[in-house]
Amino acid sequence: MLTQQQMELMTEAVARIREEIARAAIQAGRRPEEIQLCAACKTRTVEEVRFSAGLDIDVFGENHVQELVEKTDAGAYLGKPGHFIGHLQTNKVNKVVGRAALIHSVDSLRLMQKIHAAAQRQNLVQDILLEVNIGGEESKSGVTPENLWSLLEEAGNMPNIRVRGLMAIPPAEAAPEETLNYFARMRELQEQARAADLKNTSMDVLSMGMSQDYAAAISQGATMVRIGTAIYGPRDYSQKGI
Ligand SMILES: *Cc1c(COP(=O)(O)O)cnc(C)c1O
């Protein structure tokens, strides 16, 4: 059961985040409506997510296929779109294609091919983002900026996917100025890819910025911020065993 206090905290948190989004947008000479709020709701219950769906949140982002399936089947997003933002294993692609309005985390040709094949079978066009390992971290998913171009070219042969843009998670330990630079580099990559005007590619989405750094991401051109902790509070991983 959600307590009255939890509901009040969430309501205030989303209002505060929206104000901060608007402030950061206006400061950067942008319109607040250009930025979508994606609630990163891994480990949150159906009840928490359903309550938050009544607030000023645009989309819900899941990291685990099972949670995406469970929460969409339960109608937890109240008809708002669900996105997949976590690492996607190729053997789970079938459950995500057609269910997630946008897959943020495509970072290999093999994964893109699997998504394309599943989208073809379902006779739909799946929107995806390519995830860039902008900090060059060994342990992180994402393609290198160099390999991004070959993936974009391959996408030109896949009519059942549409590359809507790019996603990144800068290194967690980076100093604020460094993080700002990573966001700026992402914006440059997006601009270059957009200018190349490639097939099956629109490049209108730039998914970057989390609870700690979303204002910085917006200052550099983010069109979608993915926020978890600042909406729902600290995560309790012991609850779900993930
Ligand atoms: C968890 C998560 C977020 C949100 O992180 P917070 O720090 O809780 O805001 C954003 N993006 C991805 C891919 C995540 O896994």
Side-chain angles (χ1 to χ4, degrees), residues 1-21 35-89 91-92 95-96 99-105 107 129 131 133 135 137-142 167-174 176 179 207-218 222 224-242:
M1 262 283 284
L2 273 182
T3 64
Q4 191 65 32
Q5 194 197 13
Q6 282 174 305
M7 291 190 273
E8 277 169 18
L9 283 175
M10 244 189 264
T11 305
E12 285 165 17
V14 171
R16 230 181 6 250
I17 291 164
R18 277 294 183 189
E19 277 173 27
E20 181 68 7
I21 289 174
I35 292 110
Q36 289 213 306
L37 175 55
C38 172
C41 54
K42 54 179 176 272
T43 77
R44 312 301 175 173
T45 63
V46 166
E47 199 189 6
E48 280 175 286
V49 171
R50 186 179 285 127
F51 177 79
S52 69
L55 305 173
D56 194 3
I57 287 168
D58 297 298
V59 305
F60 291 86
E62 297 288 356
N63 289 66
H64 298 97
V65 175
Q66 196 195 326
E67 286 190 64
L68 177 72
V69 171
E70 207 176 288
K71 290 175 208 168
T72 45
D73 285 355
Y77 310 142
L78 302 180
K80 291 179 176 180
H83 288 184
F84 194 79
I85 64 176
H87 178 68
L88 181 53
Q89 291 167 288
N91 63 347
K92 295 193 175 154
K95 289 191 174 142
V96 174
R99 190 184 287 267
L102 182 66
I103 303 172
H104 290 226
S105 43
D107 66 351
L129 303 179
E131 181 177 353
N133 183 355
E137 295 171 283
E138 257 178 48
S139 59
K140 270 262 184 74
S141 13
M167 183 272 235
I169 309 171
E173 69 282 5
T179 304
S207 166
M208 57 186 194
M210 315 201 298
S211 292
Q212 295 303 321
D213 55 16
Y214 64 95
I218 291 167
M224 190 175 294
V225 293
R226 307 175 312 269
I227 299 182
T229 311
I231 297 175
Y232 300 104
R235 280 179 286 276
D236 180 0
Y237 285 97
S238 67
Q239 294 283 314
K240 286 243 168 185
I242 42 182

**Message:** Can you confirm whether K80 is buried at NZ, in the sense that more than 12 heavy atoms of other residues, nucleotides or ligands lie under 6.0 Å from that atom?
**Reply:** yes
**Item:** Q66 atom CD, over 12 foreign heavy atoms within 6.0 Å
**Value:** no
Distance, nearest 0.5 Å, that separates [atom1] of [X] from [atom2] of [Y]:
X: T45; Y: E70; atom1: OG1; atom2: CD; result: 10.0 Å
X: N133; Y: S139; atom1: CG; atom2: OG; result: 8.0 Å
X: M210; Y: T229; atom1: CE; atom2: OG1; result: 8.0 Å
X: M208; Y: T179; atom1: CE; atom2: OG1; result: 11.0 Å
X: Q89; Y: K95; atom1: CD; atom2: NZ; result: 10.5 Å
X: D213; Y: I227; atom1: CG; atom2: CD1; result: 9.0 Å

For [Y], is there any backbone N or O sitting under 3.5 Å from a side-chain donor or acceptor partner on [X]?
X: K71; Y: C41; answer: yes
X: E47; Y: L2; answer: yes
X: R235; Y: K42; answer: no
X: S105; Y: H87; answer: no

Minimum-distance pair of heavy atoms, taken over all atoms of [X] and [Y]:
X: L102; Y: M224; answer: CD2-CE, 4.5 Å
X: A222; Y: I35; answer: O-CG1, 3.5 Å
X: E62; Y: L68; answer: CG-CA, 3.8 Å
X: G233; Y: R44; answer: O-NH2, 2.7 Å
X: I85; Y: M167; answer: O-CE, 3.7 Å
X: D107; Y: S141; answer: OD2-CB, 3.2 Å

[Y] and [X], any side-chain heavy atoms less than 4.5 Å apart:
X: L37; Y: D56; answer: no
X: I231; Y: I57; answer: yes
X: H64; Y: T43; answer: no
X: H83; Y: P81; answer: yes

Going by the rule side chain to side chain contact (heavy atoms under 4.5 Å, CB included), which residues pair with [X] if we only count those two or more places apart in sequence or in a different chain?
X: D73; value: V69, R99
X: Q212; value: none
X: P171; value: E137, E173, A174, Y182
X: R50; value: V46, A74, L78

**Message:** Walk me through whether V65 and F84 qualify under side chain to side chain contact (heavy atoms under 4.5 Å, CB included).
**Reply:** CA-CA 8 Å; V65 175; F84 194 79; 3.9 Å; yes
For residues 7-17, run the donor-acceptor check on the side chains, cut-off 3.5 Å, and write out each pair with its distance to 0.1 Å, sequence neighbours left out.
unit_1 : atom_1 : unit_2 : atom_2 : d
T11    : OG1    : M7     : O      : 2.7

**Item:** Contacts of Y232 that satisfy ring-ring contact (aromatic ring centres under 6.0 Å, His included) - sequence neighbours left out
**Value:** none
